[in-house]
There are 2 protein chains.
Amino acid sequence: MSRTATDRADALPALAEVFREHGHAGASLSRISAATGLGKGSLYNFFPGGKDEMMAAVLADIADWFEAAIFSALELSDDPVRAIAAMIRDVDTYFNSGGRVCLVGTLGLSASRDPFTKSIRLYFARWIAALATCIAKGSVPGNEASTLAERTVAGIQGAIVLARALDDENTFRRILRHHEKTMLDAIAAHRSRHS
Amino acid sequence: MSRTATDRADALPALAEVFREHGHAGASLSRISAATGLGKGSLYNFFPGGKDEMMAAVLADIADWFEAAIFSALELSDDPVRAIAAMIRDVDTYFNSGGRVCLVGTLGLSASRDPFTKSIRLYFARWIAALATCIAKGSVPGNEASTLAERTVAGIQGAIVLARALDDENTFRRILRHHEKTMLDAIAAHRSRHS
DNA sequence: ACTGTCTTGTACCGTTCGGTACAAGAGCCG
DNA sequence: CGGCTCTTGTACCGAACGGTACAAGACAGT
């Protein structure tokens, strides 16, 4: 008995990968156990609620990471051009240029999303809102900034789907770069009009 | 014993819905049996290869439908503006404004896609190619038409993800309409430059 | 070192899984 | 109506499922 002093937080990354690859239904306890290196005993010690609690913990972890690394940066920066470029770069590395799936997005597509609908909705709503306020700081009118943010987040999700289907990282990066340019162009257009 | 004279083709729509909602892993035989109204005996009579053959049949059916209803129309029409508008309309109804998931896209995201990677890649490559040739017919240069088509298909997939996550049909339609306008604008711009 | 608490491997539970076997029944041809 | 083929419900298989129980073992406090 190793008593690894492992916090449940240490298992979350491996846990997330299993859910990403196999979905909620396909992530069996044996696969989870193999991926995390934890036996059933430890798993149910850390997550008494079973698979659903594991998924909830993973979603919360993802939400925290995005909030800290992306959303707050979008809202707090006073240089929207740099903030947008940083988001695009972070998104590219996080999703591994389309090689890594967005767990929140895929979970939302499946029928087993029911207990997590609120978390899923919040994740995307928060992303769009943060990006919209960032764009709006570049003198872009609010409603235009909102639709632009919405289209960008949707484009990122679509880029993941497409890059995975075509098994081509360049597809992902190409689409990402286009959205970056579109947002920066919008800011540039409204700024020049203001001068 | 009803001897319903049912061809396996009659079961494909219900089969597709089960796979759409629950994915390959989550679509258990009991669920499939309930959704199609066919017992295990009939299912394995029609699909001796089990779940994988069912999925393959569904994918082939989907590919046929898109080829007949969308792809060929994009390529054969000599009026790209009307063809694009028709595609947008058909896509909106087919995906039920984001209420219905794209099976090919979701399958590509999961780890159980392995036996179907070729079908998945073909589906998207075909869609992008057909849309690109249609756009190119509107005097848009080939490479620009290609990236435009790629972004549109990705945008549609992302719109499904987002509309499902936010549970809002308007999100889907809004994004769809934007892509329609973008393509038509590109055609209009290059056409006017030609006159 | 002893003890009590926390952690963990393992055995085990009932259920459901994908898949097979096959007999009973339905439709068709004569 | 008698046989023959095709279809289908049902029983059944071993394996894997999610989850529980619990004893053996590892740590911390004294």
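We use all heavy atoms of the structure for the numbers below, so side chains are in, but hydrogens, waters and symmetry mates are not. Proteins get letters first, then strands, A, B, ... in listed order; numbering begins at 1 in each.
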Got A:Phe124 and A:Ile120 here, is their nearest side-chain heavy-atom distance under 4.5 Å?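 In contact.
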Test item: B:Ile84 and B:Ile187 side chains (from C-beta on) under 4.5 Å apart, heavy atoms: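 Yes, side chains in contact.
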How long is the line joining [atom1] of [X] and [atom2] of [N], in whole Å?
X	N	atom1	atom2	value
B:Asn45	C:dT20	CG	C1'	13 Å
A:Asp10	C:dT7	CG	P	13 Å
A:Asp7	C:dC6	CG	P	15 Å
A:Leu43	C:dT10	CG	P	14 Å

Aromatic ring pairing A:Phe95/A:Phe66, orientation class (parallel under 30°, perpendicular over 60°, tilted between):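 Tilted.
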Please determine whether salt bridge (Lys or Arg N to Asp or Glu O under 4.0 Å) holds for the pair A:Glu180 and A:Arg177, giving the CA-CA distance in whole Å, both sets of side-chain angles, and the decisive distance to 0.1 Å. CA-CA 5 Å; A:Glu180 177 182 22; A:Arg177 236 176 292 140; over 6 Å; no
Nucleotide by nucleotide, 5' to 3', does protein get under 4.0 Å of the base (B), only the sugar-phosphate (S), or neither (-) in nucleotides 13-19 of chain C, counting heavy atoms? ----SBB
Got a donor-acceptor contact below 3.5 angstrom from the A:His190 side chain to the A:Ala186 backbone?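 Yes, A:His190 side chain to A:Ala186 backbone: donor-acceptor pair under 3.5 Å.
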Choose from D:dT7, D:dG9, C:dT8 the nucleotide whose nearest atom is closest to any side-chain atom of B:Ser42.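 Between D:dT7, D:dG9, C:dT8, the one nearest the side chain of B:Ser42 would be D:dG9.
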Applying side chain to side chain donor-acceptor pair (under 3.5 Å) as the test, list every pair that has at least one member in residues 72-90 of chain B; sequence neighbours left out.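 As it turns out, the side chain to side chain donor-acceptor pair (under 3.5 Å) pairs with a partner in residues 72-90 of chain B, which skip direct neighbours, are B:Glu75-B:Arg126.
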